[in-house]
Structures are given as C-alpha cells and as structure tokens.
Amino acid sequence: MKILVPIAKVPDTTSKITFTENNTKFNPDGVTFIMNPTDEWYALVRAIELKEKQGGEVVVIHVGRADSEQVIRKALAIGADKAVRVDADPTDAYFVASQIAAHAKAENYDLIITGKETIDYNSFEVGGMVAELLDLPAVSLVQKLDVENGVANMKRDIEGGTETVEVKLPLVVGAQKDLAEARIPNMKGIMAARTKPLTVSPAVDADKLTTIISYAVPQKAKECKYVSPDNVAELVKLLHEEAKVI
Amino acid sequence: MAVLSFVEVADGKIKKASVEAAYYGSKVAEGLGTDSLALVLGTISADELATLGQVGIKKVLHANDARFNNFDSKLYTKAIAEAANNAGANVVVLSFSNNGKLLAPRLSVRLKAGYVPGAVELPAFNGNAAVVKKNVFSGKASAQYQVSTEKKVISVNPNSLSPVRNTNTAAVEAFTATVTDADITTTVKSVDKITGTIPLSEAEIVVSAGRGLKGPENWGMIEELAREMGAATACSRPVADVDWRPHHEHVGQTGLTIRPNLYIAIGISGAIQHLAGVNGSKVIVVINTDAEAPFFKAADYGIVGDAFQVVPKLIEEYKKFKAAH
C-alpha cells in the first residue's frame, strides 16, 4: 500500500503569538516550529503502522522552504520512507492543496492521510481540498482506520457520537486523536533519516484564493471576578444578572 | 445573485449549528440586498423545513432523496455545488460542524471560490471583496480573511451569533440533484450515539472537570450539576487519558473545541492546550483550590475553594435559582 502524508510546520503550542508590520504579518522571531501535532502523532504514525502490517511505502510531502528540513527529517526518523518538499511558501490552503494534489496525481496513492487541522490556522482545509482536486472520497475526524481488501473501515466523529463507515480505496482521511499512539524517533530512526531520500521539487502554478489582511491579539487577559466559596449564591446571581448566561 | 445556506439534518431535525448558519446566510443576503436560500438534503418533514423562515430564509430547496440520509462528502459536494450554480449563488454558507469542515473546502475547490473557515462575525463587503474574521492560533489571535473571488464559501463557527427569530415560514421547493448511485462513495455500517446527554458541540452550558476531582467515582456531583443546569459534561485530557471519563468528553487542543455561553471548569488547572479548546466560551467560571492555577487568568468568575464543598453548594443554589425563575 502506498500512502501519502502531507505534513505542515507550525508554531509550538506554547509559543507566544505576535505580529509585525502593523499587525499584518506573523512574527516568527523566537518561535519554535514543530511538525503539526495531528499530522505527526496520528496521520503519520497510523500510515507507518499500516505499512508495517501490510507492506508498501509511506511518503511525506511538505510545502515550505529549506528551513523546514528538520521537521521533514523528523518524519523520516519516525518511519516515513521518503520525503518530498515543494519549494514554496505555503501562502494559503488552496495553494498548498494544489501542490499536494499535483504530486499525488502522478503517484497513484492508495491513501492520503492528513491531520484533521493545523494548529496555526485551525482551518480543516487541506484534506478536503486535496480530495476534491483529485476527485476522491474523503472522511475526516477519523479516530480508527483499518484497511482490508482495498476497503477502508473507519470510525469518525459525528455530533454526539461516532459513525463507522466503509469507503473503497483510494481516499483521503483526516486523522485525529486515538487513531494512533505518538512515536518518539529512536537513534536508529534518526540515523536512517539522514540518508533517506528527500526530493525538492518546484511548485506548480496555483491561485491564492484568500489573503489575511490583518491580525489581532485579544485584549489583555480578562479580569477575573472572585467569589467567596462561602457565598456561592453570589456566583449564581452574577451569572444571571451580570453575565446573563443562565 | 443569491446567498445559499447549506442546512444539515440529524434525526429529522435541523441541527442547531445549521440554524445559526442559515441565520448568518440571511444576514449576508440582507446586507447584499439579495435572496436568502437554503438547501436541505435527505428526509425531513415540510413543517420542519418551513421553520427556516424564522431565521430569514425565503426559500428552501429540498432534495427529498433518501440517498442523502447518510453523509458522503463527495456526493454532498456535488449536490450542493449544483444547487449553488442553479441558484446563481455568489455566497455559500455552511456550519463549521464536523461535516461542514469537510464539505466547505471541497465546495471551495469545486466552485473555485475563496473560503473562510470558522467565521465568528458577519462579513464586511468592500466592492466585490468580503472580509471575514476568524480565530487563529487556537484562539490566541484572530485574523481578517479577505476573499476577492467572484464566488465565496464561508463556514460559521458554532455559537458565534445568536439567531433572532421572526414568525415567517419559508417556501419549500423540490430540488433534484443529478447524482447517480455511482457518486455514492461511503457506506455507513453503524452509528453510535451517546444517548441521554446533550452533545458537547451543541451545548450552551458545559460543566467540565479535571484531575482536581481525584477519581472517577467523584463525578456524580458534576453530572448532577450538569443535569440541573441542562448542561453537557466535559473533561480535561489527563482525565480522559486515564479513562476516568470517556474520550468524547475531552476538550482541548487535541480534543474538541467548544464555544458554549457558559463554561464551568472544576479542578482543571488550565494548561494552554486545554484553554485552546475552550477560550471561545462567552463566560468562563473556574473553581480550583489553587489560587495560582493559570485558568483564573482566562476566567470571568472564579472561586478559590475545594470542589467537594463548592459544587454541592452550587447545585443547591442553582436549584433555588431555578425554583425562583
């Protein structure tokens, strides 16, 4: 089975988020970048597990510049077989999805597994766009994925429960928590990653459909109003009369 | 020109998040001086469809075709795009729900439309360009997205705006999507609904608890408080990881993101990963023994105290409040 895992590079969860140029540009200074957690922990690891069981190949693809190499090598250290870096700035989701689709079109993957969302723009976009560009079925928010006889059996989240579905390969899967257990690269993996193939390819032409024109950081932390544990009635009163939420 | 809102159905009822999306679509149509239409796929009663008029929908296009009763992103995308094209829709609005999160980007590609995922406010139009606000970096910032394409797709973050209802009823018109059985890609094998509780994503009040509760046997009072308040229950990640609570209750960066009107956090310290899932809540109440818990910095109201003493009192006071109102 041939599996493609698109990986994104995002600011570490604990990063302080700031902007420059009159709040129009994200400020990367002092930010630690990591592989997007749902891509790494769930999409990539489940792809590797499926390959270990059934044979095949796991390819990671990343749209970004040379400074993304560390993130790509980590994916190889965890167990991907080879990597493709599309040498371009990931300007918007449609541009990124177009790059991934252009690569996938020529390669006939059985599965494309993405993380459900990236933790920078929280947009849940790339998987669905890739599926539509390739005219493939897609299932997202998947917490269980098995493949047998060319059919993927998946459990996905619905509002207030879960749904078990079957879809014939090839398809695009959006991975979330519980799909796999995160793996920490071991020394052998780290050594092997140094020599695994990493192909750099130019970007294909694609439109940019959205532009972020400005950012804002919420006003300083809320002022917490404290209520005495001996006067819980006061809390109920405040929630009703002041906050008007009950 | 028209604005088309895609409305989801669950168990024969319009989903709450879709009512919000339809309201959002109507407000956009009002701003543009154009028609507000809705599209509904699958089996549902005509009476239920007509209620969309209450949030400003003039006409509902209804594909009364049982093949749509199971969600299939490819099939749905084809049908919604067809309806949007037939209606000459220049804006398509969906809910940023589990299904909408997958449908909207597909539609964006199919309609060659710029897409804003998870809008939290109505768009501002500047000529043909729409500017829409959404939250980014897990709620640590917001961004203004500009879309200049002729067609636009917007998905609306649940609980972002409260629909104002009128007494109108919507006209219902049959819509036949040109889909064939070959377009169906997904077979639903089973559905597992958690019954007897309010789905977390739809709840207006959420009572959540964490490690401060000391053990799964102590959740009785949390469930009782939730029941009294008509709230859903949630939990922090460590508690779900040790199986004190089911995983579907886990809110936070790797779990669910929710935006209720009221979030009550009991015995949760408020790690940044947890806050990422709840900081869109309108009002946050924190109850914790540790006055230094970081959660208090994100709270509107706080009680520094022992949950085992405060929660029973809160149940009692809420009962009194309910009896009096």
Side-chain angles (χ1 to χ4, degrees), chain A residues 11 13-14 17 19 37-38 93-94 97 119-125 127-129 131-133 137-141 157-168 174 177-178 209-218 221-222 224-227 229 232-233 235-236 238-240 243 245-246, chain B residues 10 73-74 77 97-98 101-102 105-106 108-110 114-118 131 136-138 140-147 149 185-194 199 201-202 247 253-255 261-262 272-273 282-283 296-303 305 309-310 313-314 317-318 321:
Chain A
T13 313
T14 53
I17 301 299
F19 304 98
T38 51
Y94 182 76
I119 62 167
D120 48 4
Y121 292 95
N122 310 109
S123 294
F124 296 77
E125 281 178 285
M129 287 183 174
E132 191 64 25
L133 286 164
V139 180
S140 189
L141 294 163
D157 275 12
I158 56 173
E159 276 86 9
T162 58
E163 187 178 78
T164 301
V165 298
E166 281 187 356
V167 180
K168 260 194 214 147
K177 193 169 185 265
D178 294 346
L209 298 181
T210 54
T211 310
I212 293 177
I213 55 172
S214 68
Y215 294 93
V217 177
K222 292 178 184 174
C224 179
K225 196 178 258 187
Y226 287 94
V227 175
V232 178
L235 175 67
V236 175
L238 285 167
L239 291 176
H240 179 61
V245 288
I246 58 171
Chain B
S73 73
K74 198 161 174 255
T77 300
S97 60
N98 288 359
K101 281 170 181 166
L102 182 53
R106 293 199 78 132
S108 153
V109 169
R110 201 168 180 99
Y115 166 47
V116 184
V131 176
V136 293
F137 298 102
S138 305
K140 284 193 262 185
S142 63
Q144 298 284 351
Y145 274 50
Q146 181 171 289
V147 182
T149 46
T185 60
T186 306
T187 314
V188 175
K189 307 303 279 187
S190 63
V191 175
D192 195 2
K193 285 240 180 182
I194 303 131
S201 51
E202 303 224 331
H247 270 286
Q253 182 131 60
T254 50
N261 289 335
L262 173 59
I272 199 157
Q273 290 84 351
K282 288 207 179 72
V283 173
F296 284 114
K297 290 199 176 69
D300 298 276
Y301 301 101
I303 294 182
Q309 282 155 26
V310 175
K313 281 189 209 164
L314 184 55
E317 291 301 332
Y318 187 80
F321 164 80

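Proteins get letters first, then strands, A, B, ... in listed order; numbering begins at 1 in each.
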Flag the one option from [options] with the top tally of heavy-atom pairs under 4.5 Å to chain B.
options: A:Gly174, A:Ala97, A:Ala138; answer: A:Ala138
options: A:Ala131, A:Gly160, A:Ala243; answer: A:Gly160
options: A:Gly161, A:Ser214, A:Gly127; answer: A:Ser214
options: A:Val227, A:Thr14, A:Leu133; answer: A:Val227

Please round to the nearest 0.5 Å and tell me the distance separating atom [atom1] of [X] and atom [atom2] of [Y].
X: B:Leu102; Y: B:Lys74; atom1: CG; atom2: NZ; result: 12.5 Å
X: A:Ile212; Y: B:Gln146; atom1: CD1; atom2: CD; result: 11.5 Å
X: A:Leu235; Y: A:Ile246; atom1: CG; atom2: CD1; result: 7.5 Å
X: B:His247; Y: A:Thr162; atom1: NE2; atom2: OG1; result: 13.0 Å
X: B:Ile303; Y: B:Phe296; atom1: CD1; atom2: CZ; result: 8.5 Å

Side chain, backbone, both or neither of [X] within contact of chain B (heavy atoms, under 4.5 Å):
X: A:Leu141; value: side chain
X: A:Leu239; value: side chain
X: A:Thr38; value: neither
X: A:Ile119; value: both
X: A:Ile17; value: side chain
X: A:Tyr94; value: side chain

Between [options], the one whose heavy-atom pairs under 4.5 Å with chain A are most numerous:
options: B:Val116, B:Ile272, B:Thr149; result: B:Ile272
options: B:Ser108, B:Gly302, B:Pro199; result: B:Gly302
options: B:Ala143, B:Ser190, B:Ala141; result: B:Ser190
options: B:Gln253, B:Gln309, B:Glu202; result: B:Gln253
options: B:Thr254, B:Val310, B:Asn261; result: B:Thr254

Notebook entry, point to check: Could you walk me through whether B:Ser73 and B:Arg106 pass the side chain to side chain contact (heavy atoms under 4.5 Å, CB included) check?
Noted result: CA-CA 8 Å; B:Ser73 73; B:Arg106 293 199 78 132; 3.0 Å; yes

**Prompt:** Taking C-beta and beyond as the side chain, do A:Val236 and B:Leu314 meet within less than 4.5 Å on heavy atoms?
**Reply:**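 Result yes, sub-4.5 Å side-chain heavy-atom pair found.
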
Hey, does B:Val188 have a side-chain heavy atom less than 4.5 Å from the side chain of A:Glu163?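 Contact flag for A:Glu163/B:Val188 side chains = yes.
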
Residues A:Asp120 and A:Pro11: closest non-hydrogen pair is CB-CD, 3.9 Å

Handout entry: For the student: nearest non-hydrogen atoms of B:Tyr115 and B:Tyr145, plus distance
Key =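 Looking at all heavy atoms of both residues, the shortest contact is O-CD2, 4.5 Å.
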
Chain A contact via B:Thr77 - which portion, at a heavy-atom distance below 4.5 Å: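 It is the side chain, since no backbone atom gets that close.
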
Okay, B:Thr186 and chain A: the region with an atom under 4.5 Å from a heavy atom over there is both

Exercise for review: Kindly indicate, with the supporting measurements, whether the criterion side chain to side chain contact (heavy atoms under 4.5 Å, CB included) is fulfilled by B:Tyr301 and A:Tyr226.
Suggested key: CA-CA 6 Å; B:Tyr301 301 101; A:Tyr226 287 94; over 6 Å; no

